[in-house]
Amino acid sequence: MEYWELYDETLKPLNKVVPRGSEIKPGEYFRVCGVICINREGKILTTKRSMEKESNPGYWEFTCGTLEPGEDPIKGAIRELEEETGIVAEPSALKYLGTLKEEKKFSFIYLYLCREKLKDLVLQKEEVSDAKFLSRMYFLSKLYGDSYAPPMKRRLVHFFKDYQEFLI
């Protein structure tokens, strides 16, 4: 079972841990982390959520997941990246893009300029059913359509200015 460690609106710990999916009070937040991967060809890695997922099954996304209680965001980002895609990255290889305060959560987002190719990925079948590296134009057409999970779309759009220069 996964757990959420709860924080207030300023990211101050509330010293409260609840099972993931619990109803939380207004003013309580949990933390997630995500990694936007762009390869040497300037294509962005997008993964398809497994149909077994409780929320947004079958939608496209970027690697993202819940931080474990007490987990440092960059360590969580590295853990999620490896769990979902098999990509092993060093903390120094990730660039922190920022933290987005959303309804009930804070999202810590990183950029990873990867060397991996699609054939190198090892997908976690419970989480991810497919993966693709998309060109800038194809990615943007998908992003502004209905293909992306709404929370992922919000994060990708919010941080676009921070990673767009790497897309071709």
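From a predicted model like this one, the values you see are computed outputs, not experimental measurements.
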Enquirer: Going by an N to O cut-off under 4.0 Å, is there a salt bridge joining E61 and K153?
Expert: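 Salt bridge flag = no for K153 with E61.
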Enquirer: Looking only at heavy atoms, which two atoms of Y59 and S147 are closest? And how far apart?
Expert: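 Smallest heavy-atom distance, with atoms named: CD2-O, 3.4 Å.
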Enquirer: Flag yes if L143 and L97 sit in one hydrophobic cluster, no otherwise; membership is Ile, Leu, Val, Met, Phe, Trp, Tyr, and two members link when side-chain heavy atoms are under 4.5 Å apart.
Expert: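 Yes, because L143 and L97 connect within a single hydrophobic cluster, where side-chain heavy atoms sit under 4.5 Å apart.
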Enquirer: Are the side chains of P73 and L67 in touch, meaning some heavy atoms are under 4.5 Å apart?
Expert: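 In contact.
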Enquirer: Donor-acceptor pair, R49 side chain versus S129 backbone, under 3.5 Å?
Expert: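 Answer holds: no.
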Enquirer: Rounded to the nearest 0.5 Å, how far apart are CD1 of I78 and NZ of K75?
Expert: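 Taking CD1 in I78 and NZ in K75, the distance rounds to 8.5 Å.
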Enquirer: If you measure from CG on N56 to CE on M152, what distance do you get to the nearest 0.5 Å?
Expert: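 Reported value, rounded in 0.5 Å steps: 8.0 Å.
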Enquirer: What is the minimum heavy-atom distance between I24 and F30, and which atoms define it?
Expert: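 For I24 versus F30, the nearest heavy atoms are CD1-CD2, 4.1 Å.
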Enquirer: For the CG atom of D162 and the NZ atom of K95, what is their distance to the nearest 0.5 Å?
Expert: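 Reported value, rounded in 0.5 Å steps: 6.5 Å.
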Enquirer: According to a hydrophobic-cluster definition based on side-chain heavy atoms being under 4.5 Å apart (Ile, Leu, Val, Met, Phe, Trp, Tyr only), do L45 and Y163 belong together?
Expert: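 The answer is no; the residues belong to distinct hydrophobic clusters.
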Enquirer: As an exercise, state the distance from NZ of K43 to OG of S135, rounded to the nearest 0.5 Å.
Expert: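 Spacing of NZ (K43) from OG (S135) equals 6.5 Å.
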Enquirer: For atom NZ of K161, decide whether the heavy atoms of other residues, nucleotides or ligands shown that lie under 6.0 angstrom number more than 12.
Expert: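 Counting neighbours around NZ of K161, more than 12 heavy atoms of other residues, nucleotides or ligands fall under 6.0 Å, so yes.
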Enquirer: Below 4.0 angstrom, N of the basic side chain to O of the carboxylate: do E28 and K16 qualify?
Expert: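 Salt bridge between E28 and K16, a charged N being under 4.0 Å from a carboxylate O: yes.
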Enquirer: Should L94 and L111 be regarded as members of a common hydrophobic cluster, given that ILVMFWY residues are connected when their side-chain heavy atoms come within less than 4.5 Å of each other, either directly or indirectly?
Expert: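 No, because L94 and L111 fall into different hydrophobic clusters, even though each may have its own neighbours under 4.5 Å.
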Enquirer: Search all heavy atoms of G76 against all heavy atoms of C33 and return the closest pair with its distance.
Expert: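 Looks like C-SG, 3.4 Å.
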Enquirer: Are F62 and F166 connected in a single hydrophobic cluster, I mean Ile/Leu/Val/Met/Phe/Trp/Tyr linked by side-chain heavy atoms less than 4.5 Å apart?
Expert: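 F166 and F62: one cluster.
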Enquirer: Determine whether a donor-acceptor pair (N or O, by modelled atom type, separation under 3.5 Å) exists between the side chain of R20 and the backbone of Y3.
Expert: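 The answer is no, because no donor-acceptor pair under 3.5 Å joins these two groups.
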Enquirer: Any side-chain heavy-atom pair from R31 and E5 closer than 4.5 angstrom?
Expert: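 Answer yes - side chains close enough.
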Enquirer: Any sub-3.5 Å donor-acceptor pair from E82's side-chain atoms to I87's backbone N or O?
Expert: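 No, E82 side chain to I87 backbone: no donor-acceptor pair under 3.5 Å.
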Enquirer: Rounded at 0.5 Å granularity, tell me how far NZ in K132 sits from CG in L118.
Expert: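 Going from the NZ atom of K132 to the CG atom of L118 covers 9.5 Å.
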Enquirer: Test I36 against I44 for side chain to side chain contact (heavy atoms under 4.5 Å, CB included), laying out the working first.
Expert: CA-CA 7 Å; I36 297 169; I44 189 167; 3.6 Å; yes
Enquirer: If two hydrophobic side chains count as joined below 4.5 Å and joins carry through other members, does Y96 share a cluster with V35?
Expert: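 Shared cluster, yes.
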Enquirer: Give the ring-plane orientation class for F160 versus F139, where under 30° counts as parallel, over 60° as perpendicular and anything between as tilted.
Expert: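 It falls in the parallel class, under 30°.
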Enquirer: Given 3.5 Å as the limit, does a donor-acceptor pair link the side chain of Y110 with the main chain of I74, or not?
Expert: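 Judged by distance alone, yes, a pair lies under 3.5 Å.
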Enquirer: Walk me through whether E127 and K53 qualify under salt bridge (charged side-chain N to carboxylate O under 4.0 Å, His left out).
Expert: CA-CA 7 Å; E127 300 275 338; K53 296 290 287 182; 2.7 Å; yes
Enquirer: Mind listing the closest non-hydrogen atom pair of F133 and E116 along with its distance?
Expert: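 Smallest heavy-atom distance, with atoms named: CZ-O, 3.7 Å.
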Enquirer: Using a strict threshold of under 4.0 Å (side-chain N to carboxylate O), is an ion pair present between E68 and R79?
Expert: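 Result for this pair is yes, salt bridge flagged.
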Enquirer: Donor-acceptor check, side chain of S50 to backbone of E52, threshold 3.5 angstrom: yes or no?
Expert: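 Indeed, once roles are kept as given, a pair shorter than 3.5 Å links the two residues.
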Enquirer: Looking at every heavy atom in both E9 and F106, which two are closest together, and how far apart are they?
Expert: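 So the two residues come closest at O-CZ, 3.4 Å.
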Enquirer: If the test is side chain to side chain donor-acceptor pair (under 3.5 Å), which one of Y138, Y148, W60 qualifies with T46?
Expert: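 Going through the options one by one, the only one that passes is Y148.
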Enquirer: Run the side-chain hydrogen bond (donor to acceptor under 3.5 Å, both in side chains) test on T63 and E80 for me, step by step, so that the C-alpha distance in whole Å, both residues' side-chain angles and the decisive distance to 0.1 Å come before the verdict.
Expert: CA-CA 7 Å; T63 298; E80 287 290 339; over 6 Å; no
Enquirer: Evaluate side chain to side chain contact (heavy atoms under 4.5 Å, CB included) for T66 paired with E71, printing each intermediate quantity in order.
Expert: CA-CA 10 Å; T66 302; E71 187 174 34; over 6 Å; no
Enquirer: Got a sec: does the CZ of R154 have more than 12 other heavy atoms crowding it under 6.0 Å?
Expert: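 Enclosed: over 12 neighbouring heavy atoms sit under 6.0 Å from CZ of R154.
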Enquirer: Donor-acceptor check, side chain of T85 to backbone of L81, threshold 3.5 angstrom: yes or no?
Expert: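 The answer is yes, because a donor-acceptor pair under 3.5 Å joins these two groups.
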Enquirer: Measuring from atom NZ of K104 to atom CG of L6, what distance do you get when rounded to the nearest 0.5 angstrom?
Expert: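 K104 atom NZ to L6 atom CG measures 11.0 Å (nearest 0.5 Å).
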Enquirer: Step through it carefully: locate the ring centre of Y7, locate the ring centre of Y29, and say whether they are under 6.0 Å apart.
Expert: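 Centroid separation for Y7 and Y29: 6.0 Å or greater.
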Enquirer: Do you know the tightest heavy-atom contact between R136 and Q164?
Expert: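 It is NH1-O, 2.9 Å.
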